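Values in this document were obtained by computation on a predicted structure and should not be read as measured data.
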Amino acid sequence: MFSYIKHLGEHVGAEVTVRGWLYNKRSSGKIRFLVVRDGTGLVQCVLAKGDVSDEVFDRHDKLNQESSLQVTGVIRADTRAPGGYELTVTGLEIVQIAEEYPITPKEHGVDYLMNLRHLWLRSSRQHAIMRVRNEVIMAIRQYFYERDYILIDTPILTGSVGESGQTLFATEYFDLGNAYLAQTGQLYAEAGAMAFGKVYCFGPTFRAEKSKTRRHLTEFWMMEPEVAFNDNNDNMDLQEEMICYIVAWVLNKSRAELQVLERDIAKLEQVKKPFPRVSYDEAVEKLRASGESDIKYGDDFGGDDETVLTNMYDRPILVYNYPRKVKAFYMKQHPERADLVLCNDMLAPEGYGEIIGGSQREEDPEKLIARIKEENLPLDAYKWYLDLRRFGSVPHSGFGLGLERTVAWMCGIHHIRETIPFARTIGRIYP
């Protein structure tokens with residue numbers, strides 16, 4: 001009977017077959033130990049001389065790390081063993097004997113490991129990170145599914161600029177000129193909101209930013225909801241509720257992985273409503289008063305500014321109403337201060353910085369046209385977007401959550417590159 005390692009507890013006392021790869025091995029007299037992984041967990045397999053044929057017993061010595069194999073044996077509970085169960089071997093078949101594995105238990109530099117990312121993914125730490133990533137994705141999808149949002153898959157190739165025109169990856173698109181890899185799905189999600197009321201998109205996005213910080217990737221995944229008739233305060237309420245839902249989900253589903261990562265779970269358990277809400281003006285005053293920032297009013301916050309600010313709190317904070325000049329063209333002008341827009345960033349604690357950026361959108365077509373022109377963007381490319389303001393325009397809001405930054409915060413990882421299976425940065429496109 002075949003079983004995944006994850007389900008061995010259901011077969012105590014029975015003989016089962018496990019298929020996987022050799023994680024490590026050791027010998028002790030007439031006993032041989034194999035630790036096997038199959039992607040769902042680890043199990044220790046015990047070969048005792050005399051309990052199996054000499055041929056089967058000797059196969060232990062032929063196996064190298066990451067050799068693939070099939071092991072049959074009887075399952076018994078053992079709290080000392082990896083995963084809590086042990087397999088007493090009755091049969092062992094070698095599928096392939098691996099060559100000398102380039103990632104050994106010794107310390108390796110990050111650049112070396114990133115060049116071997118296709119193999120590094122097999123390690124216990126990377127398994128834990130990818131499993132947390134999987135749970136964050138599941139939590140996001142479930143949150144919006146339970147609330148009757150419609151998933152709108154937005155295009156990766158686009159003729160419209162969502163953020164800065166300086167951070168675009170361009171490619172020739174047949175006879176139609178340049179197309180661009182999408183910086184955001186937001187503009188198309190707005191079309192979805194005008195059709196369905198509340199929607200979200202979730203997919204890869206691309207920014208050609210020449211940034212080498214620990215928070216930046218050139219290709220990353222972003223989740224973006226858009227809701228008709230939501231104002232900026234409604235938008236912040238949605239962000240707060242969703243983040244609390246995701247954190248609770250991960251704490252429930254990923255305790256073992258967070259333990260592997262040595263994450264301080266107590267800090268995640270503090271993530272409860274309400275989140276502090278701090279205006280941009282107040283945030284600048286706090287930064288200046290701290291003595292750790294020389295920010296000038298009107299500047300956007302850098303990573304160090306965000307760290308100083310969030311270190312004042314024990315949970316994410318919402319900084320709202322930034323200066324218009326540092327934000328995107330589609331954000332709605334503040335009704336009382338023309339120099340500000342109705343927007344917010346959610347900054348995660350412990351120095352992880354911005355994980356969400358959102359705003360109320362400008363629903364007035366004339367004001368939107370003026371901003372497009374002000375940003376020197378091609379007006380023709382936004383004809384369809386302006387149609388959304390001409391045919392049944394309503395106040396609406398939305399935001400973008402960066403998946404990798406969120407996972408880095410949840411896992412307590414210093415650098416974002418480990419939170420995506422294959423990182424793309426300014427200096428890396430291999431493997």
Side-chain angles (χ1 to χ4, degrees), residues 133-163 168-169 173 179-207 219-232 234-243 245-246 249 328-332 342-344 346 355-363 365 368 372 377 381-407 420:
R133 178 189 173 101
N134 182 62
E135 292 300 339
V136 171
I137 292 170
M138 290 299 296
I140 289 169
R141 295 193 182 280
Q142 188 65 22
Y143 176 85
F144 287 108
Y145 183 77
E146 289 174 0
R147 289 155 181 79
D148 296 322
Y149 282 68
I150 299 294
L151 174 64
I152 297 291
D153 295 318
T154 58
I156 290 174
L157 287 170
T158 177
S160 305
V161 179
E163 301 293 331
L168 288 166
F169 287 107
Y173 197 76
Y180 306 98
L181 296 181
Q183 300 167 312
T184 172
Q186 175 210 312
L187 307 187
Y188 297 97
E190 287 186 55
M194 297 306 111
F196 296 99
K198 50 185 183 179
V199 301
Y200 75 102
C201 63
F202 198 171
T205 51
F206 307 84
R207 304 281 172 90
E219 177 184 335
F220 58 97
W221 281 67
M222 189 150 63
M223 188 285 303
E224 301 172 273
E226 202 72 31
V227 185
F229 298 102
N230 262 16
D231 65 17
N232 199 44
D234 297 327
N235 200 33
M236 289 191 281
D237 290 344
L238 177 60
Q239 295 168 40
E240 184 179 69
E241 183 183 86
M242 182 200 68
I243 286 294
Y245 183 98
I246 295 169
W249 179 291
F329 73 92
Y330 49 74
M331 296 188 180
K332 185 173 179 60
L342 299 177
C343 70
N344 81 279
M346 182 184 288
I355 56 173
I356 287 177
S359 73
Q360 187 169 338
R361 317 312 191 187
E362 181 55 72
E363 77 269 20
L368 190 56
I372 290 171
L377 297 171
Y382 294 92
K383 181 180 181 300
W384 68 271
Y385 187 61
L386 290 165
D387 280 350
L388 303 178
R389 275 66 178 174
R390 295 189 177 105
F391 302 100
S393 185
V394 301
H396 60 290
S397 297
F399 62 87
L401 174 141
L403 175 62
E404 286 74 23
R405 288 187 182 186
T406 303
V407 173
I420 190 169

| query | If you take all heavy atoms of Glu363 and Ser393, which pair is closest and at what distance? | reply | O-OG, 2.9 Å
| field | Minimal non-hydrogen separation, Val394 against Ala228, with atom names | value | CG2-CB, 4.0 Å
| task | Check whether any side-chain N or O of Arg361 sits under 3.5 Å from a backbone N or O of Gly398 as a donor-acceptor pair, and report yes or no. | result | yes
| task | Identify the heavy atoms of Leu157 and Ala179 that sit nearest to each other, and give their distance. | result | CD2-CB, 4.3 Å
| query | Between Gln239 and Asn344, does a side-chain contact (heavy atoms from CB on, under 4.5 Å) hold up when you go through it step by step? | reply | CA-CA 10 Å; Gln239 295 168 40; Asn344 81 279; 2.8 Å; yes
| said: For the CD atom of Gln186 and the CZ atom of Phe399, what is their distance to the nearest 0.5 Å? | reply: 12.0 Å
| said: Measuring centre to centre across the rings, with the benzene-like ring taken for any Trp, is Tyr382 within less than 6.0 Å of Tyr330? | reply: no
| query | Hey, what's the ring geometry for Phe169 with Phe206, parallel, tilted or perpendicular (30° and 60° as the breaks)? | reply | perpendicular
| request: Using atom types as modelled and distance alone, determine if a side-chain donor or acceptor of Arg207 lies under 3.5 Å from a backbone N or O of Phe220. | output: no
| field | Closest contact, heavy atoms only, Met222 versus Gln183 | value | CE-O, 3.7 Å
| Leu368 and Phe329, any side-chain heavy atoms less than 4.5 Å apart | yes
| Euclidean distance, Leu403 CG relative to Arg133 CZ, rounded to 0.5 Å | 4.5 Å
| field | Stepwise side-chain contact (heavy atoms from CB on, under 4.5 Å) test for Leu401 and Ile243 | value | CA-CA 10 Å; Leu401 174 141; Ile243 286 294; 3.7 Å; yes
| task | Output the distance between atom CD (Glu190) and atom OH (Tyr385), rounded to the nearest 0.5 Å. | result | 3.0 Å
| field | Test log, rule side-chain contact (heavy atoms from CB on, under 4.5 Å), inputs Met194 and Phe391 | value | CA-CA 9 Å; Met194 297 306 111; Phe391 302 100; over 6 Å; no
| query | Going through the distances and angles, do Gln142 and Tyr245 end up as a side chain to side chain donor-acceptor pair (under 3.5 Å)? | reply | CA-CA 10 Å; Gln142 188 65 22; Tyr245 183 98; 5.0 Å; no
| task | To the nearest 0.5 Å, tell me how far Met236 CE sits from Met346 CE. | result | 10.0 Å
| request: Could you tell me the separation between the CD atom of Glu224 and the CG atom of Leu187, rounded to the nearest 0.5 Å? | output: 9.0 Å
| Are any non-hydrogen side-chain atoms of Val227 and Asn235 less than 4.5 angstrom apart? | no
| task | Kindly give the heavy-atom pair with the smallest separation between Glu226 and Ala189, and that separation in Å. | result | CB-O, 3.8 Å
| request: Check Tyr188 against Gly159 and note the closest heavy-atom contact, atom names and distance. | output: OH-N, 4.5 Å
| query | Under 30°, 30 to 60°, or over 60°: which ring-plane class applies to Phe202 and Trp221, parallel, tilted or perpendicular? | reply | perpendicular
| query | Quick one: does Ser397's side chain have a donor or acceptor within less than 3.5 Å of a partner on Asp231's backbone? | reply | yes
| request: Supply the atom-to-atom distance Asp148 CG to Lys198 NZ, rounded to the nearest 0.5 angstrom. | output: 5.5 Å
| field | side-chain contact (heavy atoms from CB on, under 4.5 Å) assessment of Ile356 paired with Met242 | value | CA-CA 11 Å; Ile356 287 177; Met242 182 200 68; 4.0 Å; yes
